[in-house]
Amino acid sequence: MTTIARADAAVKSARVMDAFGRHIHYLRVSLTDKCNLRCVYCMPEQMVFRPNEELLTDDELAIVLRAASLLGFDKYRLTGGEPTVRPNLPAIVKQIADLPGTREIAMTTNGIRLAQLAGPLKEAGLRRVNVSLDSLDETKFHRMTRWGHVRDVLAGIEAVEAAGMTPIKINCVVVRGFNEDDIVTLARLTCERDWQVRFLEVMPFADVAEFQQASIVTTREMIERIEAGLGKLVELNDGRLDGEARMYRLPGARGEIGFISPVSAPFCANCNRVRLTADGTLRLCLLKDGELDLRTPLRRGAGAEELADLMRQAIWRKPWGHELAHGVIPLNRIMSEIGG
Ligand code: SAM
Ligand code: SF4
């Protein structure tokens with residue numbers, strides 16, 4: 001057997017399971033906690049970010065990514081904060097594309113910098129992009145993101161389409177008093193566009209939880225609003241989840257509409273992922289505080305094999321799921337410090 005064939009065989013035989021029998025093979029990588037927007041449901045306007053020395057360097061990140069590949073991870077999503085503000089982003093994408101076993105690389109972004117970056121990212125190996133867009137109305141979009149302009153996001157989406165990174169997914173977080181009236185207009189986009197427009201329930205985190213809990217719009221209400229405006233939604237895939245979204249289509253539409261309902265209908269049974277935060281912890285569940293510190297062992301010289309062992313043991317202890325229904329909310333980080 002050649003060295004490359006042996007490495008491939010080793011990757012195929014690596015399979016990381018948790019104690020509930022879930023195969024964990026999807027890593028969401030937060031590249032930075034920093035952002036060029038300040039969405040009201042995500043972070044305060046005066047957000048204080050971590051000092052750069054607390055964040056993983058490119059070299060440290062490369063070691064963690066190699067460890068993930070040794071454990072058979074095959075799907076990666078880059079997120080943040082805003083991933084496009086991380087320097088050297090195309091080089092990081094290329095590094096992941098070159099790992100043994102990588103099948104899919106995607107990114108979740110606010111889209112502001114995509115007009116410049118879509119081409120280089122496609123060339124580096126990025127395959128799919130989820131763009132966050134909470135309203136098509138400039139005034140409302142600006143009120144929600146505090147600093148953003150819809151035109152920049154739309155230019156970014158156009159650049160993604162031109163680069164051929166399709167199908168495009170649009171994420172819209174629905175926030176009471178901000179954009180619940182806009183979801184019909186966003187859903188209507190799927191009549192003309194081959195896009196997947198996905199509506200998310202707001203999730204509660206730490207200091208922002210009070211606002212988030214007060215402003216949640218449930219999936220049930222979203223569906224009622226869309227059906228009142230545009231007609232009956234047809235359920236797709238016999239109701240099975242596509243990732244974390246339940247999918248529908250408007251009659252005759254080109255695109256699809258998805259609903260992500262972590263609060264009203266948790267999808268923990270299907271969870272196949274863990275998250276790497278920008279400051280180097282492996283977070284086992286988005287909505288639970290348990291984490292494994294990887295930065296300390298990294299900074300005392302641990303290599304990919306040692307980290308892979310630590311990650312395997314931690315993943316075994318991945319919690320079954322969140323307990324929002326019992327009033328347990330994550331306290332140690334907000335969303336932008338974890339990555340969606
Ligand atoms: N900055 C990028 C963006 O906005 O797409 C990536 C990071 S952001 C934390 C990832 C996703 O989480 C976005 O779609 C964002 O709208 C969503 N999000 C942020 N805070 C949220 C919250 N409290 N509840 C639900 N979704 C949230
Ligand atoms: Fe930034 Fe994304 Fe959070 Fe908005 S949701 S503030 S774009 S990290």
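- To the nearest 0.5 Å, atom CD1 of residue I183 and atom CD1 of residue I223 are 9.5 Å apart.
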field: Full working for salt bridge (charged side-chain N to carboxylate O under 4.0 Å, His left out) between D74 and R103
entry: CA-CA 5 Å; D74 57 6; R103 272 190 316 113; 3.0 Å; yes

message: Could you go through K169 and E256, starting from their C-alpha distance and side-chain angles, then the distance that decides it, and tell me whether this counts as salt bridge (charged side-chain N to carboxylate O under 4.0 Å, His left out)?
response: CA-CA 9 Å; K169 294 187 184 178; E256 298 174 351; over 6 Å; no

Chi angles and distances behind the side-chain hydrogen bond (donor to acceptor under 3.5 Å, both in side chains) call for E161, T166: CA-CA 6 Å; E161 279 198 311; T166 53; over 6 Å; no

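- Here the shortest heavy-atom pairing between I315 and F73 reads CD1-CZ, 3.9 Å.
- Taking the side chain as every heavy atom from C-beta outward, I170 and N130 never approach each other to under 4.5 Å.
- Within the 3.5 Å criterion, the main-chain N or O of E82 finds no donor-acceptor partner in the side chain of N36.
- Rounded to the nearest 0.5 angstrom, F49 CZ and D279 CG are separated by 13.5 Å.
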task: Report the C-alpha distance between R240 and R246 in whole Å, list the side-chain angles of each, state the deciding distance to 0.1 Å, and finish with yes or no for side-chain contact (heavy atoms from CB on, under 4.5 Å).
output: CA-CA 7 Å; R240 281 189 311 279; R246 203 172 296 286; over 6 Å; no

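- Rounded to the nearest 0.5 Å, atoms CG (N272) and OH (Y26) are 7.5 Å apart.
- With hydrogens and angles ignored, the 3.5 Å screen pairs a side-chain donor or acceptor of R38 with a backbone N or O of C35.
- In this structure, the separation between CG on N110 and OG1 on T84 is 5.5 Å, given to the nearest 0.5 Å.
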- prompt: After noting the C-alpha distance and the side-chain angles of N179 and D134, does the key distance pass the side-chain hydrogen bond (donor to acceptor under 3.5 Å, both in side chains) rule?
  reply: CA-CA 7 Å; N179 68 339; D134 298 325; 4.7 Å; no

message: side-chain contact (heavy atoms from CB on, under 4.5 Å) for K140 and D182? Distances and angles first, verdict last.
response: CA-CA 9 Å; K140 288 192 190 171; D182 296 44; 2.7 Å; yes

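- Residues T108 and R77 bring a donor and an acceptor atom of their side chains to less than 3.5 Å of each other.
- Residues M107 and L121 come closest through the heavy atom pair CE-CD1, 3.7 Å.
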side-chain contact (heavy atoms from CB on, under 4.5 Å) assessment of T277 paired with L56: CA-CA 9 Å; T277 66; L56 294 190; over 6 Å; no

task: Verify side-chain contact (heavy atoms from CB on, under 4.5 Å) between L61 and L31, making sure each step is shown before the conclusion.
output: CA-CA 9 Å; L61 178 62; L31 292 176; 3.7 Å; yes

- prompt: Run the side-chain hydrogen bond (donor to acceptor under 3.5 Å, both in side chains) check on K288 and N332 step by step: do they pass?
  reply: CA-CA 9 Å; K288 278 269 181 82; N332 68 338; over 6 Å; no

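- Put simply, the side chain of R283 never gets that close to the backbone of I338: no donor and acceptor are under 3.5 Å apart.
- Judged purely by atom type and a 3.5 angstrom limit, H149 has no side-chain atom pairing as donor or acceptor with the backbone of R151.
- Judged by a 6.0 Å distance limit and a 45° cone about the ring axis, R143 is positioned over the six-membered ring of F178.
- A donor-acceptor distance shorter than 3.5 angstrom exists from the side chain of E138 to the backbone of V150, with no hydrogens or angles considered.
- Taking the six-membered ring for Trp, Y41 and F211 have ring centres at least 6.0 Å apart.
- Under the 3.5 Å distance criterion, the side-chain polar atoms of N88 are left unmatched by any main-chain donor or acceptor of A91.
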